[in-house]
Amino acid sequence: MAAGTAYTPPAHGDRPARPAKRRTRATPAGMVENRRRSALMAHGVLILGLLIVAFPLYVTFVASTHELREITNAPMSLIPGDRMIDVYSRALLRGSANLTSATPVWFMMWNSLVMAMLIAVGKIVISILSAFAIVYFRFPGRMVFFWMIFITLMLPVEVRILPTYEVVANLGMLDSYAGLAVPLIASATATFLFRQLFMTLPDELTEAARMDGAGPMRFFVDFVLPLSRTNIAALFVILFIYGWNQYLWPLLITDNLETVVVGIYRMLNVGDDNADWPVIMATVVLAMVPPVLVVLVMQRQFVKGLVETEK
Amino acid sequence: MHKRVTFDNRWLPYLLVAPQIAVTVVFFLWPAGQALQQSVYRVTNVFTGAARFVWFDNFEHLFNDSLYWDSVQVTFVFSAAVTVLSMAAALFLAVMADRVVKGASLYKTLLVWPYAVAPAVAGVLWLFLFQPAVGIISYELAQMGQPFNFRVDGTQAMLLVILAAAWKQVSYNFLFFLAGLQAIPKSLIEAAAIDGAGPAKRFWTIVFPLLSPTTFFLLVVNIVYAFFDTFSIIHAVTAGGPAGATNMLVYKVYNDGFIGLDLGGSAAQSVVLMAIVVTLTVVQFRFIERRVHY
């Protein structure tokens with residue numbers, strides 16, 4: 001199975017020694033001498049890099065604390081203003097002032113949350129079930145199913161957008177949570193990840209379970225699920241962000257259920273002169289908070305999951 | 001690909017794969033088939049939707065359309081610039097982070113968050129900085145005698161979307177490069193240092209070649225990202241303009257299909273894009289398969 005072998009996660013045992021040991025290890029004199037200076041330079045470069053990366057975010061945050069007048073009167077002050085509470089409550093409760101039918105941002109965030117959760121949980125559930133079937137059963141058509149799932153990798157929504165829209169319209173799923181989530185929840189990547197994980201579980205485990213008279217679902221619930229916990233956590237972070245950040249799909253099929261990322265576009269689309277910049281910038285900050293929080297809180301699982309899923 | 005010990009059940013495995021297969025067939029395979037079919041038809045009556053089989057006419061039209069080739073060129077320039085810029089910046093930062101003893105994980109935390117930012121939102125962050133009337137960078141540029149208006153200047157529009165797209169991708173590349181660097185045995189580098197190789201020489205003769213699997217993997221991922229995931233940046237920031245200067249292939253598919261209502265032409269473009277994704281996926285898997293035997 002050619003493509004399958006690709007997903008072998010690196011074994012955990014063969015990690016090299018951590019760089020923390022470096023300082024105590026005997027090294028050539030030149031390297032030791034240079035180390036302090038090169039570390040200093042490295043810190044400098046990294047801090048500069050961090051500042052460049054964070055700069056757009058900082059400016060956005062500052063803009064969300066000023067009155068519109070302060071922003072249109074270029075150049076905007078780079079010191080945070082005192083209108084933060086006012087601007088954020090306006091955004092959350094009312095939405096952009098210059099839209100005829102403004103959606104309050106709290107509702108957009110709710111829609112994004114529902115969509116992200118449905119996509120993340122949906123993908124994990126259907127992928128772990130199909131991986132379990134493909135690994136632990138032999139049944140006619142198994143390889144056909146495997147390849148059908150594999151092909152979804154090659155069909156991003158952007159390239160089949162018009163026909164997919166037609167399907168969803170025919171099913172009457174436009175502007176609904178189901179329409180937002182279901183067309184996106186097939187996942188080859190998640191299926192491969194679980195398949196790979198299951199292949200590493202020892203056969204003795206299955207044998208023991210069978211000898212004790214456990215059926216497949218009992219085995220799934222008592223052994224497979226608990227052993228998949230860390231992978232599920234890592235996948236959840238990646239898929240939650242994937243779902244929250246969807247753009248083209250909600251843009252096309254939502255009207256009343258707009259997600260926050262799409263909401264920002266609609267607020268901007270009134271033209272540069274009419275844009276309600278403080279509210280738009282506050283919405284941008286609000287749209288970033290949930291996914292960024294998820295990544296920062298679950299950073300360890302996420303980084304491990306990311307590097308191992310995609311390699 | 002299967003276990004030695006398996007369960008016997010006639011219908012359970014089908015039940016387990018059913019949800020995934022149902023979604024795949026209804027929302028992936030069926031629409032893809034539709035796109036394939038539409039690409040060889042031409043709508044003759046927009047009201048009744050009547051269509052005629054036209055062989056490869058739509059493709060012929062497409063490949064004779066200079067606007068399409070402009071879009072191809074735009075896509076290549078954009079993808080190459082985003083890939084090179086984000087990978088070079090990420091590699092540079094990762095090499096620095098690998099060098100510091102204290103604080104590497106703090107830097108990782110502070111650099112990881114743009115990964116979570118939606119491409120559309122990244123586009124808006126940069127749009128605000130370069131907005132012709134209120135942007136603070138465009139203001140400074142104007143003060144320095146270099147007016148910046150991406151609404152009218154195609155090159156500047158391109159620069160802006162490249163910056164936004166590359167900015168978002170740096171953290172992803174950084175994580176992979178750092179993981180790759182930390183997996184290189186330090187003894188190798190120390191041995192080279194004993195032999196008198198300076199830092200630059202050590203990097204180019206040892207570190208960079210050992211990183212090549214990571215680099216190649218990221219190359220494919222970044223090209224895919226630049227081709228497909230940046231649709232939202234284009235849509236939110238420039239809408240393909242001005243005058244098609246940022247009209248990427250994925251944006252053109254959407255624009256010709258949904259706005260221009262040219263079903264056959266849009267479907268033909270979808271088919272070309274699918275061919276590109278298939279190629280990239282095959283390349284990626286070939287390569288990963290090879291590196292397993294390391």
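So that the names make sense, note that chain A is the first sequence line, chain B the second, and so on, each numbered from 1. Please read these numbers as outputs of a predicted model, since none were measured by experiment.
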Is it true that [X] and [Y] have ring centroids separated by less than 6.0 Å?
X	Y	value
Phe150(B)	Phe130(B)	no
Tyr165(A)	Phe258(B)	yes
Phe176(B)	Tyr172(B)	yes

Against chain B, label [X] side chain, backbone, both or neither, depending on which of its atoms sit under 4.5 Å from a heavy atom there.
X	answer
Ile128(A)	neither
Met76(A)	both
Ser127(A)	both
Phe219(A)	side chain
Trp244(A)	neither
Phe145(A)	both

Checking heavy atoms, do the side chain of [X], its backbone, both or neither come under 4.5 Å from chain A?
X	value
Leu111(B)	both
Ile137(B)	side chain
Val278(B)	both
Leu280(B)	neither

Can you sort out the partners of Arg300(A) under side chain to side chain donor-acceptor pair (under 3.5 Å), two or more places apart, ordered by chain and number?
->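 Counting only residues at least two positions away or on another chain, Arg300(A) forms no side chain to side chain donor-acceptor pair (under 3.5 Å).
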
Is it the case that Thr259(A) and Gln246(A) place a side-chain donor and acceptor less than 3.5 Å from each other?
->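 On atom types as modelled, these side chains do not qualify, holding no pair under 3.5 Å.
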
Pairing residues for Arg210(A) by the salt bridge (charged side-chain N to carboxylate O under 4.0 Å, His left out) criterion, not counting sequence neighbours =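 None.
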
